[in-house]
Amino acid sequence: MRVSRLFGKTLRQAPADADTASHQLLVRAGMIHQVATGIYSYLPLGWRALRKIENIIREEMDAADGQELLLPAMQPFEIWEETGRDLLFGETLFTFKDRRDRKLCLGPTHEEVITKLAHFNIQSYRDLPVMPYQIQTKFRDEPRSRGGLLRVREFLMKDAYSMHATSEDLDQTYERLVQAYRNIYDRCGLASLMVEADSGAIGGKDSHEFMIIAETGEDEIIYCSECDYAANSERASFTKPEPENEQATLPLEEVSTPGKKTIEEVADFLGIPTSQTLKAVFYAADGQVIFSVIRGDFEVNELKLKNTLKCMDLRLATDDEVQAAELVAGSASPIGITGTKVVADDSITLGTSFVVGANKPDAHLKNANYPRDFKVDILTDIAMAQAGYQCPKCKSQLLSTRGIEVGHLFKLGTIFSEKLDAVYLDQDGTQKPVVMGCYGIGVGRLLAAAVEQNHDDKGIVWPVSIAPYQVYICALSVSDENVVKAADKLYSELKDEGFEVLLDDRDESAGVKFNDADLMGIPLRVVISPRNLKQNSAEVKQRNQKESELVPLEKVIENLRGLLAV
RNA sequence: CGGGGAGUGGCGCAGCCUGGUUUAGCGCGCCUGCAUGGGGUGCAGGAGGUCGGAGGUUCGAAUCCUCUCUCCCCGACCA
């Protein structure tokens with residue numbers, strides 16, 4: 001491709017509304033263009049890079065015995081009602097009506113459609129296992145798009161669905177996909193990290209995410225400094241230490257705590273560590289007020305609580321709701337509470353003689369003990385893990401970092417097959433629901449993550465495997481016939497040899513061309529100039545290296561081939 | 001949806017508070033010519049704007065008021 005003919009312009013300045021590196025650079029390099037909030041056009045350069053990623057994914061999925069197909073972007077709304085996920089997705093679903101007033105939606109994902117398809121194509125255990133996948137545009141009316149391509153409303157996603165007769169078989173395929181995913185990120189030249197994940201709106205039991213470590217990532221990752229434990233903070237667990245001040249079990253005793261409401265204030269006032277207190281937090285779960293209790297030195301993980309309650313919507317309760325439930329904010333405890341569901345973190349069993357609210361203003365109770373003084377409806381882990389806590393596996397110190405989620409694997413089990421009647425006849429003659437797994441990769445997001453991870457102050461530094469072009473020929477002084485000839489010759493030879501090459505044939509100064517080459521991040525740059533031609537040579541430079549090398553013209557192709565092979 | 005910010009030629013901004021010498025200006029980019037030719041080159045000339053939209057106040061509105069649309073950032077969601 002000749003740069004003079006390339007559709008897409010480079011920008012010296014980034015648009016003011018772009019603030020992540022990938023957003024700024026992809027726009028500046030003329031790779032993407034925003035159309036509306038969370039909706040982007042891919043220009044030729046961006047599209048080429050995207051397709052490179054797509055093909056790597058395709059190859060690895062095929063190698064893992066996946067079979068590519070294409071499901072529709074438009075789906076009848078009823079199938080979402082069948083699984084009840086219309087409510088789960090809610091406003092995130094783009095819905096509309098056709099001319100006959102039938103309700104349709106743009107698919108945010110395709111479990112329903114694929115499971116319906118399985119219903120028609122799987123009858124016997126002999127039909128299993130299979131793993132169809134597609135690379136399709138998904139639509140989600142996100143509450144908030146952000147970060148350029150990092151979070152958008154229309155995006156390309158590779159989604160695979162595996163179907164099995166047994167969960168053991170699912171487990172095997174799952175492991176295989178984990179490896180396929182590792183291959184994909186490796187081949188894209190990206191460092192990834194697999195973490196334990198929440199299964200969210202998709203449902204299912206085991207779930208892992210692949211993260212690209214990046215400051216701009218939306219997810220917090222909790223990982224162990226010693227062992228291989230790593231999890232999304234929304235589901236990370238940790239070993240809860242016993243409080244230091246173990247105390248004898250004494251009878252309940254009321255103490256006056258005028259004006260002291262927060263755990264810190266109360267602990268400070270009484271001269272005790274926060275781990276010697278119990279904290280109450282009120283939530284509204286689908287409108288119902290929930291009383292949560294956790295040891296004072298921990299915070300409630302709302303996602304864990306939400307999963308525990310199996311509710312659709314969870315938020316902090318409003319003051320009105322708290323009052324209506326006759327709870328005393330600032331001095332509440334589960335002691336004597338009736339009529340409100342109490343969910344406690346298991347940390348309340350670690351330690352004794354806690355200070356808790358007295359359920360009246362300006363007073364707390366000392367020496368509260370579970371289960372001696374109060375009952376709870378649910379006792380489980382609802383605590384938020386943090387850096388500095390102990391690893392649940394090896395008790396070493398946990399650390400935290402941020403990451404961009406670029407892949408997600410779920411063991412769905414039979415949730416969808418049961419609801420949508422995807423069953424098979426087993427060897428023993430009984431009918432069983434198909435066991436399923438599903439596996440997604442956000443392709444555009446991966447592209448953005450690649451830029452987040454590979455750029456410098458000059459621009460993008462594409463890994464060779466996903467670069468839109470491999471070679472950038474700078475023809476300096478296009479008024480010099482010899483330069484034009486030599487550049488054209490090299491350009492066509494390289495193309496004939498199968499290289500992907502950009503020829504900068506514009507009548508621009510050297511600086512402009514160098515800067516654009518750097519901005520676009522093309523891995524190899526070849527300079528053809530009067531100066532170099534005098535020595536019958538061209539200058540070869542790698543984007544990720546400082547120094548360039550003078551190479552005799554007849555050896556350039558060989559040289560480039562060598563550099564790309566590494 | 002809650003909180004914050006912004007809409008002025010393709011991009012980045014100034015002007016707005018204290019309405020009127022602004023026929024709305026600057027830098028970049030774009031076009032023409034000459035020069036230059038190895039890290040965003042210089043000089044000269046030029047094209048390009050419903051000042052997001054609607055309504056209002058006023059003799060007069062980019063500037064003041066009301067409504068509205070759009071976009072960005074922070075929170076609840078996810079590939």
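Per chain, numbering begins at 1; letters A, B, ... match sequence-line order. What you see is a predicted model; the values in this text were computed from it and never measured.
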Original post:
Looking at F155(A), does the NZ or CZ of R445(A) lie under 6.0 angstrom from its six-membered ring centre and within 45 degrees of the ring axis?
Top reply: no
Original post:
So what stems show up for RNA chain B if we need 3 or more Watson-Crick or G-U pairs in a row, all under 3.5 Å?
Top reply: B:1-7 with B:69-75, B:10-13 with B:25-28, B:30-35 with B:41-46, B:52-56 with B:64-68
For nucleotides [N] and [M], find the distance between their [atom1] atoms and express it as a whole number of Å.
{"N": "A14(B)", "M": "A6(B)", "atom1": "C1'", "result": "15 Å"}
{"N": "G9(B)", "M": "A62(B)", "atom1": "C1'", "result": "14 Å"}
{"N": "G60(B)", "M": "C71(B)", "atom1": "P", "result": "35 Å"}
{"N": "A47(B)", "M": "A35(B)", "atom1": "P", "result": "24 Å"}

**OP:** Using a heavy-atom cut-off of under 4.0 Å over every strand shown, decide if R144(A) touches base, sugar-phosphate, or nothing.
**Re:**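 Base contact - R144(A) has a heavy atom under 4.0 Å of at least one base atom.
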Original post:
When only distance counts, do a donor and an acceptor, one from the side chain of R151(A) and one from the base of C78(B), lie under 3.5 Å apart?
Top reply: yes
Original post:
Side chain of D219(A), base of C78(B): donor and acceptor closer than 3.5 Å?
Top reply: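 It does, because a donor-acceptor pair links the side chain of D219(A) to the base of C78(B) below 3.5 Å.
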Please report, rounded to the nearest Å, how far the [atom2] atom of [N] is from the [atom1] atom of [X].
{"X": "D17(A)", "N": "U8(B)", "atom1": "CG", "atom2": "P", "answer": "11 Å"}
{"X": "Q24(A)", "N": "G12(B)", "atom1": "CD", "atom2": "P", "answer": "11 Å"}
{"X": "D159(A)", "N": "A79(B)", "atom1": "CG", "atom2": "C1'", "answer": "10 Å"}
{"X": "E405(A)", "N": "C77(B)", "atom1": "CD", "atom2": "C1'", "answer": "11 Å"}
{"X": "D507(A)", "N": "G42(B)", "atom1": "CG", "atom2": "C1'", "answer": "14 Å"}

Original post:
For F514(A) and G38(B), is the gap between ring centres under 5.5 Å while the planes differ by less than 30°?
Top reply: no
Protein-nucleotides 29-34 of chain B N/O pairs under 3.5 Å:
{"residue": "G29(B)", "atom": "OP1", "partner": "R12(A)", "partner atom": "NH2", "Å": "2.7"}

Original post:
Which of these passes side-chain contact (heavy atoms from CB on, under 4.5 Å) with E82(A): K419(A), E112(A), K116(A)?
Top reply: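 By the side-chain contact (heavy atoms from CB on, under 4.5 Å) criterion, E82(A) pairs with just one of K419(A), E112(A), K116(A): K116(A).
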Subject >> Any W80(A) side-chain heavy atom under 4.5 Å of P108(A) side chain >> reply: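 Contact flag for W80(A)/P108(A) side chains = yes.
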Identify, residue by residue, the members of [range] with a heavy atom below 4.0 Å from RNA chain B, and return them in order of residue number, or none.
{"range": "residues 443-459 of chain A", "answer": "R445(A), K458(A)"}
{"range": "residues 31-47 of chain A", "answer": "Q34(A), A36(A), T37(A)"}
{"range": "residues 470-483 of chain A", "answer": "L476(A), S477(A), S479(A)"}

**OP:** Quick one: which residue pairs count as a side-chain hydrogen bond (donor to acceptor under 3.5 Å, both in side chains) with a foot in residues 34-44 of chain A, not counting sequence neighbours?
**Re:** H23(A)-Y40(A)
**OP:** Give a yes or no on whether the ring-centroid distance for Y133(A) and Y161(A) is below 6.0 angstrom.
**Re:**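 No, the ring centres sit 6.0 Å or more apart.
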